[in-house]
Amino acid sequence: MQTSFTAEQLADPKLADANTTLRKCVHCGFCTATCPTYVLLGDELDSPRGRIYLIKEMLEQGKAADASTVKHIDRCLSCLSCMTTCPSGVNYMHLIDQARAHVEKTYNRTLGDRFMRWLLDFVMTRPTVFRLSLAGAALARPLAPVLQAFGLKRMSAMLSLAPATLPRPLPDRLQPAKLKRRVGLLKGCVQSVMDPGINDATVRLLNRFGIEVIESTVPCCGSLSHHMGKEDAALAHARAMIDAFAALDVEAIVITASGCGTTIKDYGHMLQHDAQYAEKAARVAGKALDVTEFLAKLELPTGTAQGRVSYHSACSMQHGQRIKTLPQALLRRAGFTVSDVPDGHLCCGSAGTYNMLQPEIATRLRDKKISDILTTAPEIIATGNIGCMTQLATVSPVPLVHTVELLDWAYGGPRPDKLNHPLA
Ligand code: SF4
Ligand code: SF4
């Protein structure tokens, strides 16, 4: 794609990066076929190629974003399915991240929109505040249909996603003494409140194979803020996380939420122009592994677990981190019978805060995903991202669990409680 940035613009390293990315796009349009919003809405401007044009125009002009451009950028899920399909290696993730930051800085959103975005960013990235808010939302949940009827669809979506009850925070974990190896583990903001049992299962499983686990003292990696274009907040979270992990003597940083994994693995890029953090950020990013990547290195023994599992691959797992078959292979090795989901490349509509900011598109994607999953007749649905678990649990008749909970169970841990009581 031809670009026409001025020499002065190209002196800005971020615009120079965008220019390099834009120039890789050859307009072939292969990405449109696998883009969930294009598949649903059929509008070129809601396809990756259309959005790339809009972003190019917006950045070249160097002006405030306009309403039409913002509408199509906001509708993007950041699912990165387009990156998997693109034959030219266009890094759409970096482009859309930059576009969202530009929109956030230059576009004057309505008061309601600004409030909603501020609320989500403030609440969800702070576990204590989030826990209190969810308790309130659970009480107000019966009002969701009323809010929907009055056209307050986003508020209604927020309430509908709040679980009726929350798991209690877990007591401090006691780990066996004298373990030979040591890893760091991301605590997580949303996941540590919604489902602390996921990291608990991870610690039990890794301990059993001789590995000590140190959970991060900092909860949030900045991913949620990053996806809303709140660059300063995202980088502040990232720097705090980098400081916390850089101080640990660990062989790897294990992550159990694939959305967070995609962001932490990108810290090197996010902070490449920060002289103080660039090297540390790249070092932390280089140690980051999804829990299934780390487990695959351990060469776990063959197990005797039973059960028909449908594996839903989160977009951040398959497109963001390019982990396509490892989780399924681990589950099969443990003994489970595993099916992949038809049209598995399409997003379930969760996408960070997307299911609350774009509830109509998110609901259509969720309904398609659950019906695709059910064609495989599963007894259990497994996935590797808390966002997908929460999104799908609102309509799933089949329990959803994290992959690592099934592996912990298969290798001597307790049966996941959610198999008796689904998340919703
Ligand atoms: S990230 Fe997903 S929704 Fe956005 S343009 Fe790419 S494929 Fe479409
Ligand atoms: S597939 Fe890649 S090169 Fe082709 S239009 Fe999409 S982003 Fe551009």
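Just so you know, ligand 1 is whichever comes first in the structure, and atom 1 is the first atom listed for that ligand.
When only non-hydrogen protein atoms are considered, atom 2 (Fe) of ligand 1 lies nearest to C79 SG, 2.3 Å. Among all protein heavy atoms, the one lying closest to atom 5 (S) of ligand 1 is R51 NH1, 3.1 Å. The protein heavy atom nearest to atom 3 (S) of ligand 2 is V26 N, 3.3 Å. C35 SG, 2.3 Å is the protein heavy atom nearest to atom 8 (Fe) of ligand 1. Nearest protein heavy-atom contact of atom 7 (S) of ligand 2 is I52 CD1, 3.6 Å. Atom 4 (Fe) of ligand 2 has its closest protein heavy atom at C28 SG, 2.3 Å.
Side-chain atoms of N19 and T3 include a donor-acceptor pair closer than 3.5 Å. Counting only N and O atoms by type, the side chains of H269 and Q272 include a donor and acceptor under 3.5 Å apart. Between the side chains of D290 and Q321, no donor N or O sits under 3.5 Å from an acceptor N or O.
The pair E360-R364 does not meet the salt-bridge criterion, since no charged nitrogen lies less than 4.0 angstrom from a carboxylate oxygen. A salt bridge is absent between D340 and K324: the closest approach of a Lys/Arg side-chain nitrogen to an acidic carboxylate oxygen does not fall below 4.0 angstrom.
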**Message:** Walk me through whether S78 and R100 qualify under side chain to side chain donor-acceptor pair (under 3.5 Å).
**Reply:** CA-CA 11 Å; S78 283; R100 290 193 204 283; 2.7 Å; yes
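Put simply, no part of G89 is less than 4.0 Å from ligand 2, judged by heavy atoms. At a 4.0 Å cut-off, not a single heavy atom of C82 sits close enough to ligand 2 to count as contact.
Short contacts between ligand 2 and G29, defined as distances under 4.0 Å to a heavy atom of the residue, involve ligand atoms 4 (Fe), 5 (S). Heavy-atom contacts of P87 reach the following atoms of ligand 2: 1 (S) (cutoff under 4.0 Å). Using a 4.0 Å cut-off to heavy atoms of S88, the atoms of ligand 2 that qualify are 3 (S). For ligand 1, the atoms closer than 4.0 angstrom to any heavy atom of L77 are 3 (S), 4 (Fe).
Shown here for A162 and R141, the closest heavy-atom pair between the two residues is O-NH1, 2.6 Å.
Heavy atoms of H27 found under 4.0 angstrom from ligand 2 belong exclusively to the backbone. At a 4.0 Å heavy-atom cut-off, ligand 2 touches C86 through backbone and side chain alike. The residue C31 has no part lying near ligand 1, judged by heavy-atom distances below 4.0 Å. When heavy-atom distances to ligand 1 are checked against a 4.0 Å cut-off, Y92 comes that close only through its side chain, counted from C-beta outward.
The side-chain tip of K297 does not point at the ring of F294 from less than 6.0 angstrom away and within 45° of straight on. By the 6.0 Å and 45° rule, R49 does not stack over the aromatic ring of Y53.
Across L80, L95, T34, heavy-atom proximity to atom 1 (S) of ligand 1 is greatest for L80.
Relative ring orientation between Y411 and F209 is described as perpendicular, the plane-to-plane angle rising above 60° on a 0-90° scale split at 30° and 60°.
Taking CZ of R366 as the start and CD of Q391 as the end, the distance is 6.0 Å to the nearest 0.5 Å.
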